[in-house]
K.L.:
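Structure incoming, see below.
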Amino acid sequence: MAIERNNDLTAGDALMEFDKMAEMPDVEIEIEEDGGATVSIGEEEDDSVPFDSNLAEVIDPAVLATMSADLMSLFEADKSSRKEWEEQYGKGLKLLGFTFEERTKPFKGACGVNHPLLTESIVQFQSTALKELMPAEGPVRTQVLGKETREKLAQAERVRNFMNYQITTVMEEYTPDFDQLLFYVGYGGSAFKKIYYDENKGRMVSQLVLPDNLYIPYNGSSVMSECARITHRVFMSTNDYQKAVVRGQYLDSAQASVPAELPQSTIQKEVDRVIGIQPTTEPEEISLLEFQIDMDLEGFEDKDEDGNPTGIKLPYIITIDEVTQACIGVRRNWKEGDKLYARKQYYVHYLLVQGPGAYGLGFLHLIGGLTKTATSALQQLVDAGTLVNLPAGFKAKGARIMNDDMPLQPGEFRDIDAGGADLQGSLLPLPYKEPSQTLFSLLGFCVDAGRRLASITDMQVGDSNQNAAVGTTIALLEKGSAVMSSIHKRLHYSQKIEFNLLAKGFAEYLPDKYPYDVPGESRFIKKKDFDDRIDVLPVSDP
């Protein structure tokens, strides 16, 4: 904003006015050749602030406070919308049988064993999928788009070798995280990956994000690029947070709190209980909420050709300290120079079975009820056998038994004083029945039904007709693996998205030429190799 000079002012008055304005912030005074002056106040923020900087440093604190309050309200709404889902997810962990339960009902020492149907399904799926999606030589393959040339084939080979080298050697966390991801996908149906450049490690990272720390709106989608809002709860050590502050990524206003008081989801509390751990009392972590959302920020509005605000919301990453609810980071989330303002993608959603909502369906939802029924039948059978083998009953009031408070051991005979009465008349055992054959049949039915649904029934080809045609045997095998093949296809689709995000990251952060050594030879990759001529795919074939 420019201010013209007032010719009615005296020279002394003008100097005083200039002195006052010079003391104001964001004021520039330019003396012209004719003796006049141009005063600029409040230069446009979006022109003066670097594109990749933290906008929270220049946005008015009152605006930040209002924005933080609005986002926290949206976050609480997202939490409330999936409250029952979290409770079901947490309660289902008991069906896995990871803990040994000492039961006192219906009697002390009653059977507390869980049937392993659900656990068996998850472990079988996890093992099969890991072998298919993570072979030892690497999970990435490439293909040339368009007409194949010698140059394109060499480029495709460089990209394939480099990405497999990164995933299997440099990214040490990738394989363990992917293995754990498959467990959570098998159990609850959903797990996520976050692909980004880690400033501390100086390389690309594919981080596992568990479903209890990533929130999708009620009307969200299982496809992350279609979600209007994504909220990720990030736990960060105080040292890593300080590094981010020094880099200018966050404001230095977040507070570390005692982990026992850190915000925990219902799922995390149940996980801690099942595996037998609890938070310590040392303030080591900071809980941040990272929102990917479209906003129309004051001072950074989208404008048309005439410079007028259009009211269109632009994509941002907004970070809030969950403890203090202070906004500590606001960053643009589109590529600099992109006229379409396309939102950058960081998250990949892995699903077991596509359900009616944004979250997938896991074996918990598919066979959780059958597992609970099988567990109940198993416990009743064991309890019935226990009661028959060690029966209880009544004895006559006058009858005295030596050490009657100690259970009889096998082969032991103990003295009893029946007072001259008939011994059989002095003792009356309770009429316990043998374990029911009906319960045993019910247990077998539940297990078979669950295994068929989870596609973990082992087909014994050797027991089939030896004279059957080869085509018939192959058709039976394909029919038996149809469900698992469809699951692998969903994982194949998600892994392709993940590899493409990794490739985009390499294209952005790698130097022009990056040499690296592998056993037996030295290789290199060019930054420009990650272009549209090469497509990156998983090696899996669902």
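Residue indices begin at 1 and follow the sequence shown.
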K.L.:
How are the rings of Y250 and Y241 set to each other: parallel, tilted or perpendicular (split at 30° and 60°)?
P.N.:
parallel
K.L.:
Check whether any side-chain heavy atom of Y187 lies under 4.5 Å from a side-chain heavy atom of L93, and answer yes or no.
P.N.:
yes
K.L.:
Assess whether side-chain hydrogen bond (donor to acceptor under 3.5 Å, both in side chains) is satisfied between N164 and E137, documenting all intermediate values.
P.N.:
CA-CA 7 Å; N164 283 325; E137 61 273 12; over 6 Å; no
K.L.:
Looking at D535 and K496, does any basic side-chain N land under 4.0 Å from a carboxylate oxygen?
P.N.:
yes
K.L.:
How long is the span from the OG1 atom in T319 to the CG atom in L71, to the nearest 0.5 Å?
P.N.:
10.5 Å
K.L.:
Hey, is CD on E434 packed in by over 12 heavy atoms from elsewhere, all under 6.0 Å?
P.N.:
no
K.L.:
Taking the six-membered ring of F178, is NZ or CZ of K193 closer than 6.0 Å to its centre and within 45° of its axis?
P.N.:
no
K.L.:
Rounded to the nearest 0.5 Å, what's the gap from CG on D78 to CD1 on I216? Could you check?
P.N.:
9.5 Å
K.L.:
For the residue pair Y350 / E498, report whether a side-chain donor-acceptor contact shorter than 3.5 Å exists.
P.N.:
yes
K.L.:
In Å, rounded to the nearest 0.5 Å, how long is the span from NE2 of H492 to CG of L537?
P.N.:
6.0 Å
K.L.:
Give a yes or no on this: more than 12 heavy atoms of other residues, nucleotides or ligands lie within 6.0 Å of atom NZ of K504.
P.N.:
no
K.L.:
Is any side-chain N of the basic residue among E172 and R203 closer than 4.0 Å to the acidic one's carboxylate O?
P.N.:
no
K.L.:
Evaluate the criterion ring-ring contact (aromatic ring centres under 6.0 Å, His included) for residue pair H232 and F192; output intermediate values, then yes/no.
P.N.:
CA-CA 11 Å; H232 178 199; F192 304 88; 9.2 Å; no
K.L.:
Counting only heavy atoms not in Y165, do more than 12 sit closer than 6.0 Å to its OH atom?
P.N.:
yes
K.L.:
Counting only heavy atoms not in Y218, do more than 12 sit closer than 6.0 Å to its OH atom?
P.N.:
no
K.L.:
State plainly whether the residues E86 and K79 are in salt-bridge range, i.e. N to O under 4.0 Å.
P.N.:
no
K.L.:
Could you tell me whether the side chains of Q380 and S376 share a donor-acceptor contact shorter than 3.5 Å?
P.N.:
yes
K.L.:
Is there side-chain contact between Y89 and P211, with heavy atoms separated by less than 4.5 Å?
P.N.:
yes
K.L.:
At what distance, to the nearest 0.5 angstrom, does CG of L378 lie from CG of L442?
P.N.:
11.5 Å
K.L.:
Answer yes or no: are there more than 12 heavy-atom neighbours, outside Y197 itself, under 6.0 Å from its atom OH?
P.N.:
yes
K.L.:
As a test of understanding, state which of R82, Q354, H349 forms a side-chain hydrogen bond (donor to acceptor under 3.5 Å, both in side chains) with Y359.
P.N.:
R82
K.L.:
Examine the side chains of R229 and Y215 and answer whether a donor and an acceptor come within less than 3.5 Å of each other.
P.N.:
no
K.L.:
Answer yes or no: is there a side-chain heavy-atom contact under 4.5 Å between L74 and I293?
P.N.:
yes
K.L.:
Atom CG of L95 and atom CZ of F363: how far apart are they, to the nearest 0.5 Å?
P.N.:
14.5 Å
K.L.:
Give, for atom CG of L130 and atom CZ of F183, the distance between the pair rounded to the nearest 0.5 Å.
P.N.:
14.0 Å
K.L.:
Taking side chain as C-beta onward, heavy atoms only, is R490 less than 4.5 Å from V353?
P.N.:
yes
K.L.:
Answer yes or no: is there a side-chain heavy-atom contact under 4.5 Å between S540 and L491?
P.N.:
no
